[in-house]
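Here is how names work: the chains are called A, B, and so on, in the same order as the sequence lines, proteins then strands, and each is numbered from 1. Please read all numbers here as calculations on a predicted model, not as lab measurements.
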Number of protein chains: 2
Amino acid sequence: MNRSIQDVARLAGISSRTLRHYDQIGLLAPSGTGPGGLRQYDDARVRRLQRILLLRDLGLPLTDIGRVLDEQADEAGALRLHLDQLRAEQDRLARQVASVERTVTAIEKGERLMAEDMLDGFDHTQHEEEVTERWGADAYARSDAWWRGLGPEGQKEWQARTKELGEAWGEAARRGVDPTSEEAQALAARHAAWLGGIPGTPGSEQGRPTKEYVVGLAEMYVADPRFAKNYGGTEGATVVRDALVAYAEREL
Amino acid sequence: MNRSIQDVARLAGISSRTLRHYDQIGLLAPSGTGPGGLRQYDDARVRRLQRILLLRDLGLPLTDIGRVLDEQADEAGALRLHLDQLRAEQDRLARQVASVERTVTAIEKGERLMAEDMLDGFDHTQHEEEVTERWGADAYARSDAWWRGLGPEGQKEWQARTKELGEAWGEAARRGVDPTSEEAQALAARHAAWLGGIPGTPGSEQGRPTKEYVVGLAEMYVADPRFAKNYGGTEGATVVRDALVAYAEREL
DNA sequence: GTAGAGGTTGACGCCGCGTCAACCGCAAGA
DNA sequence: TCTTGCGGTTGACGCGGCGTCAACCTCTAC
C-alpha cells in the first residue's frame with residue numbers, strides 16, 4: 001500500500017508542503033521514490049505520521065517529537081516536561097492579561113476623570129516636603145516649574161506613563177522577582193532613564209539622575225505609603241527599592 | 001542632550017542591537033548621526049523609547065506600537081483588541097494543557113494497568129454485534145484476527161493511539177467547533193486514515209475506509225454510549241459524527 | 001604605529017511551515 | 001505532434017524580534 005504525497009496529505013488532513021518539510025528535517029522520510037522522484041509512503045509511515053500529528057496537536061515541538069519517536073524516549077516524561085513549559089507560559093500570559101487590563105482601565109479612567117484618581121495616585125507636587133528637605137528649595141522650584149509648564153495635557157500624559165511604569169513594577173513585584181535579576185535591573189534602568197528625563201531632578205543635565213537622588217527616592221518609595229501604593233504596597237516597593245539601589249550602585 | 005546608542009541601551013535596559021533593529025524597521029530613528037555614522041538620540045527619542053518598551057512589555061507587536069505612536073491611534077482601543085487575542089491564546093493554552101494532562105495520565109495508567117480501564121474504554125472486540133450485523137461475519141473475523149495478531153503490546157499501543165485520537169476529538173467538541181470547519185475536517189481526515197489502517201475494515205485494501213463504513217460507524221458513535229463516552233458523551237459524539245459524515249461525503 | 005573601544009552595515013539563525021517560482025514527467029485531447 | 005493540464009520536484013523568501021557572528025571604520029591613548 002504505497003500512497004502518493006497528496007494521498008497522505010488528504011488522509012491526514014495536512015498539506016503536502018508539511019510532508020515535504022518533515023522529510024527535509026528528517027522527521028518523516030518517505031518509504032521510497034517512484035518515477036520522477038515522486039515520494040511514496042507505506043502504511044508504517046502513515047502510522048508514524050499519525051503519532052507525529054497527535055503529539056504535534058499537544059504542542060510538542062517537532063524536534064522533541066522526533067526524539068520521542070526515534071530513540072524510544074520516554075513519551076510521558078517528554079510530555080510532562082512540555083507541560084511545565086505550557087504552564088509557565090500560562091502564568092506569563094495571565095500576568096500579561098492582568099497587566100493590560102489594568103493599563104486599559106487606567107487609560108480610560110484617565111480620559112474620563114483625569115482629576116482625582118490619578119492626581120491622587122501620583123501627584124508630582126505631592127512630595128514637596130521631601131524634595132525640598134533633601135535636595136533644596138531650588139530643585140523643587142525647577143521641578144515644579146517644569147510640572148506647570150507641561151500644561152493639563154502634558155500632565156495627564158506624564159501621569160499615564162508614570163502609572164504604566166508603576167504597573168510594570170507592581171507586576172514584577174507580585175511575581176516576586178529577584179531585585180538583582182536581569183529583568184528587574186532592566187526595569188530599574190528604565191525607571192532611572194525616566195527620572196533622568198525630568199528637568200529639575202539632580203543629574204538631569206547629564207541625562208541621568210545622580211546616584212544619591214535615586215537611592216534617596218528609592219528609600220522614600222518604601223517609607224512613604226503615598227509612593228508605595230504605586231508599586232503594590234510596601235512589599236512591592238521594597239523590591240523596587242532594592243532593584244533601584246543595586247542599579248544605582250552599578251551604573252550611576 | 002544627545003546620547004550614544006550604548007548610553008541609551010544601558011539607560012533603557014535593552015541591547016544596542018534592539019535599537020538598531022528599531023531604526024531599521026522605522027520604529028525609532030535616531031535624531032541624527034555623528035562622525036562615522038554614529039547614531040545619536042535626543043531626549044524626545046528616549047521618551048518615545050520609553051513608551052515603546054512599556055507597550056512592548058504588554059505584549060503589543062512592534063508594528064501596532066508604531067501605529068499607536070505615529071498615527072495618534074487609539075491606544076486603549078489597540079490594547080483592548082490585543083487583550084482579545086491574549087485571551088484567545090489563553091483559552092488555547094488552557095485547552096492544550098488539559099489535553100496534555102489527560103494524555104499523560106492516560107499513558108501512565110496504560111503502563112501500570114493496561115487491562116481494565118483502557119480495554120473498557122475502547123475495546124476493539126466490544127462492538128462485535130454491530131460489526132457482524134452491519135458488515136457481515138467475515139469482516140468481524142478478519143478484524144478480530146488482526147486484533148489478536150497485534151499481541152498484548154500491539155493492543156496496548158493501538159489503544160493508546162485510539163485514546164489520543166478520542167482525546168483530540170473530545171477537546172474540539174468541548175470547544176464547540178463547527179463540524180464543517182477546517183479543523184474538524186482535518187481531524188475527520190485523520191480519523192478516517194486511522195480506520196483505513198486497520199486491516200479488516202471495509203475499504204482498507206484501498207487504504208481508506210468506504211464511505212458507508214465511516215457513516216455507519218459515525219452513527220454508532222452517537223447511538224452507543226460505549227462509543228460516545230470516548231468523544232465526550234453524546235454531545236461530543238454528535239460533532240464527531242457530523243464531521244465524519246461531511247468528510248465521507250466529500251472525500252470517500 | 002598600534003592597540004582598543006565603540007561603533008557601522010550585512011547576513012544568518014530560530015520555528016513551522018505558507019507561498020511563490022521554475023522546472024519535469026506523464027497522459028489525454030485537438 | 002503539439003498542447004494542455006495534473007501532480008509532482010527542488011529552491012528560496014517570508015513571518016517576529018531580535019542574538020550573534022563577521023568584516024570593516026573612526027577616534028583616542030599609549
Side-chain angles (χ1 to χ4, degrees), chain A residues 2-41 45 49 52-67 69 82 85-86 89 92-93 96 182-183 186 251, chain B residues 2-41 45 49 52-69 82 85-86 89 92-93 96 182-183 186:
Chain A
N2 277 333
R3 285 175 251 260
S4 74
I5 193 170
Q6 282 294 356
D7 277 1
V8 177
R10 266 199 308 275
L11 272 168
I14 58 177
S15 75
S16 60
R17 174 66 179 91
T18 298
L19 284 169
R20 254 173 259 122
H21 181 59
Y22 290 174
D23 185 9
Q24 210 169 9
I25 64 174
L27 181 58
L28 178 69
S31 49
T33 51
L38 302 200
R39 276 168 252 252
Q40 294 181 333
Y41 295 84
R45 316 291 156 153
L49 178 58
I52 290 173
L53 295 179
L54 283 168
L55 291 173
R56 190 190 66 166
D57 283 355
L58 298 180
L60 208 63
L62 296 184
T63 50
D64 292 12
I65 295 179
R67 267 197 295 275
L69 296 189
H82 176 52
Q85 299 172 0
L86 286 181
E89 178 66 8
R92 216 187 49 74
L93 253 184
Q96 199 167 71
E182 209 172 324
E183 187 192 351
E251 299 284 351
Chain B
N2 277 333
R3 284 176 251 261
S4 74
I5 193 170
Q6 284 293 357
D7 277 2
V8 176
R10 266 199 309 274
L11 271 169
I14 59 177
S15 75
S16 61
R17 174 68 179 91
T18 298
L19 284 170
R20 253 174 259 123
H21 182 59
Y22 290 173
D23 184 10
Q24 210 168 9
I25 65 175
L27 181 58
L28 178 69
S31 48
T33 52
L38 301 199
R39 275 167 254 251
Q40 294 181 333
Y41 295 84
R45 317 291 155 153
L49 179 58
I52 291 173
L53 295 179
L54 283 168
L55 291 173
R56 190 190 66 166
D57 283 356
L58 298 179
L60 208 63
L62 296 184
T63 50
D64 293 11
I65 294 178
R67 268 199 293 276
V68 168
L69 296 190
H82 176 53
Q85 299 172 359
L86 285 181
E89 178 66 9
R92 215 188 50 76
L93 253 184
Q96 200 167 68
E182 208 173 325
E183 187 192 349

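- Residue contacts shown for B/Thr63 are absent, as no nucleic acid heavy atom lies under 4.0 Å away.
- As a whole-Å value, the separation of A/Tyr41 OH from D/dG7 P is 17 Å.
- Residues from residues 17-36 of chain A placing a heavy atom under 4.0 Å of any atom in DNA chain C, listed by number, are A/Arg17, A/Thr18, A/His21, A/Tyr22.
- Evaluation of the salt bridge (charged side-chain N to carboxylate O under 4.0 Å, His left out) test over residues 27-36 of chain B, restricted to residues two or more places apart or in two chains, returns none.
- If you check every strand for non-hydrogen atoms under 4.0 Å, A/Ser16 touches nothing.
- A 4.5 Å side-chain heavy-atom check between A/Leu11 and A/Leu49 finds every atom pair outside the cut-off.
- Whole-Å rounding puts the B/Asp57 CG to D/dC18 C1' distance at 15 Å.
- With sequence neighbours left out, B/Asp57 forms a salt bridge (charged side-chain N to carboxylate O under 4.0 Å, His left out) with A/Arg190.
- Look at CG on B/Asp7: it is 17 Å from P on C/dA5, rounded to the nearest Å.
- With values rounded to the nearest 0.5 angstrom, B/His82 atom NE2 is found 9.5 Å from B/Leu55 atom CG.
- For the side chain to side chain donor-acceptor pair (under 3.5 Å) test, no residue two or more places apart in sequence or in another chain qualifies with A/Ser31.
- To the nearest angstrom, C1' of D/dC18 lies 13 Å from CD1 of B/Ile5.
- The CD-P distance, from A/Gln40 to C/dG25, rounds to 17 Å in whole Å.
- When distances run from any side-chain atom of A/Ser15 to the nucleotides D/dT9, C/dG18, D/dG17, the shortest one goes to C/dG18.
- Of the candidates D/dG17, D/dT10, C/dG18, the closest approach to any side-chain atom of A/Arg39 belongs to D/dT10.
- With sequence neighbours excluded, the residues satisfying salt bridge (charged side-chain N to carboxylate O under 4.0 Å, His left out) with A/Arg67 are A/Asp64.
- As rounded to whole Å, 17 Å separates atom P of D/dG16 from atom CD1 of B/Ile52.
- D/dC18 atom C1' lies 9 Å from atom CZ of B/Arg56, rounded to whole Å.
- Sequence neighbours left out, the pairs with a member in residues 13-31 of chain A that pass salt bridge (charged side-chain N to carboxylate O under 4.0 Å, His left out) are A/Asp23-A/Arg39.
- The CD-C1' distance, from B/Gln85 to D/dG16, rounds to 14 Å in whole Å.
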